Amino acid sequence: MAESRKVPRPFTMHWGSGNVVEEAWVESEHHQPTVQLLEYSEGEAAGQLTIRFCSFREGRFQRSPLMIGEPDLGPLREAIAKQPRLRELLRQLVE
């Protein structure tokens with residue numbers, strides 16, 4: 001697995017900014033499928049949490065759709081299990 005990315009770390013969107021406060025990811029053949037918990041501290045989204053599904057390749061954020069292969073689901077589930085707030089929001093999504 002590649003090196004961990006520092007958390008928390010800042011992000012900025014047009015509607016607000018804040019920090020990536022939790023992050024779960026796995027190393028796959030072509031990229032690093034990633035699920036992030038974003039916590040807004042400024043802008044119109046201040047105080048809100050957002051789940052971002054994204055990927056990284058060679059340490060760089062990718063601006064393409066997230067695709068997760070079936071072999072990566074188990075390892076990603078294990079990574080998400082270590083992120084309590086992110087896991088709880090995802091549980092709300094599927095239950």
Side-chain angles (χ1 to χ4, degrees):
M1 185 176 269
E3 291 182 29
S4 294
R5 293 179 286 272
K6 181 183 173 189
V7 174
R9 69 178 181 279
F11 73 87
T12 300
M13 302 286 183
H14 296 294
W15 51 90
S17 61
N19 284 293
V20 176
V21 294
E22 292 185 0
E23 182 172 64
W25 58 279
V26 296
E27 188 76 38
S28 71
E29 183 178 355
H30 301 290
H31 65 144
Q32 296 167 344
T34 304
V35 182
Q36 298 175 325
L37 180 60
L38 308 180
E39 186 172 51
Y40 288 86
S41 57
E42 297 182 15
E44 61 187 72
Q48 295 182 23
L49 296 173
T50 300
I51 299 170
R52 175 164 61 182
F53 299 88
C54 57
S55 68
F56 288 78
R57 182 169 179 180
E58 299 174 359
R60 303 187 87 190
F61 184 82
Q62 299 296 291
R63 298 198 180 275
S64 56
L66 174 61
M67 299 177 68
I68 305 170
E70 188 174 1
D72 298 321
L73 292 177
L76 187 56
R77 181 180 57 247
E78 292 172 11
I80 289 169
K82 298 174 185 173
Q83 307 300 325
R85 295 170 68 197
L86 178 58
R87 183 181 67 239
E88 173 57 24
L89 287 177
L90 288 169
R91 185 190 63 73
Q92 292 176 38
L93 178 66
V94 299
E95 292 182 356

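If you're wondering where the values come from, they're calculated on a predicted model, not measured in any experiment. Residue numbers start at 1 and run along the sequence shown.
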Any donor and acceptor pair, going by atom type alone, linking the side chain of Arg87 with main-chain N or O of Ala81 inside 3.5 Å? yes
If we only count heavy atoms from C-beta on, is the Thr34 to Arg52 side-chain gap below 4.5 Å? no
Check Ala24 against Leu76 and note the closest heavy-atom contact, atom names and distance. O-CD1, 3.8 Å
ILVMFWY network linking Phe56 to Val21, side-chain heavy atoms under 4.5 angstrom: no
Any side-chain heavy-atom pair from Gln36 and Val7 closer than 4.5 angstrom? no
Do the side chains of Leu38 and Ile80 join up, straight or via other hydrophobic residues, at under 4.5 Å, putting them in one cluster? no
So, does Glu42 use its side chain to make a donor-acceptor pair with the main chain of Tyr40 at under 3.5 Å? no
Would the distance check show the side chain of Glu22 and the main-chain N or O of Leu86 forming a donor-acceptor pair, the cut-off being under 3.5 Å? yes
When rounded to the nearest 0.5 Å, the distance separating CG of Leu73 from CD of Glu78 is 11.5 Å
With the 4.5 Å side-chain cut-off for hydrophobic clustering, are Leu90 and Ile68 part of the same group? yes
Going by heavy atoms in the side chains, are His30 and Met67 under 4.5 Å from each other? no
4.5 Å side-chain heavy-atom contact, Gln83 and Val35: no
Distance, nearest 0.5 Å, that separates CH2 of Trp15 from CD of Glu44: 9.0 Å
Taking every non-hydrogen atom, the tightest pair across Ser55 and Pro33: CB-CA, 4.3 Å
Please check if Met13 and Leu37 belong to a single hydrophobic cluster, counting links between Ile, Leu, Val, Met, Phe, Trp and Tyr side chain heavy atoms closer than 4.5 Å. no
Quick one: are Arg85 and Leu49 in side-chain contact, heavy atoms under 4.5 Å? yes
What distance do Phe11 atom CZ and Asn19 atom CG have between them, rounded to the nearest 0.5 Å? 7.5 Å
Just checking, is any N or O donor in the side chain of Gln32 or Arg5 under 3.5 Å from an acceptor N or O on the other one? yes
Please check if the number of heavy atoms outside Arg9 that lie under 6.0 Å from its CZ is greater than 12. yes
Gln92 atom CD: more than 12 heavy-atom contacts under 6.0 Å: yes
Please lay out, stage by stage, how Glu88 and Arg91 fare under the test salt bridge (charged side-chain N to carboxylate O under 4.0 Å, His left out). CA-CA 5 Å; Glu88 173 57 24; Arg91 185 190 63 73; 2.5 Å; yes
Do you reckon Val26 sits in the same ILVMFWY cluster as Leu66, going by side-chain contacts under 4.5 Å, direct or chained? yes
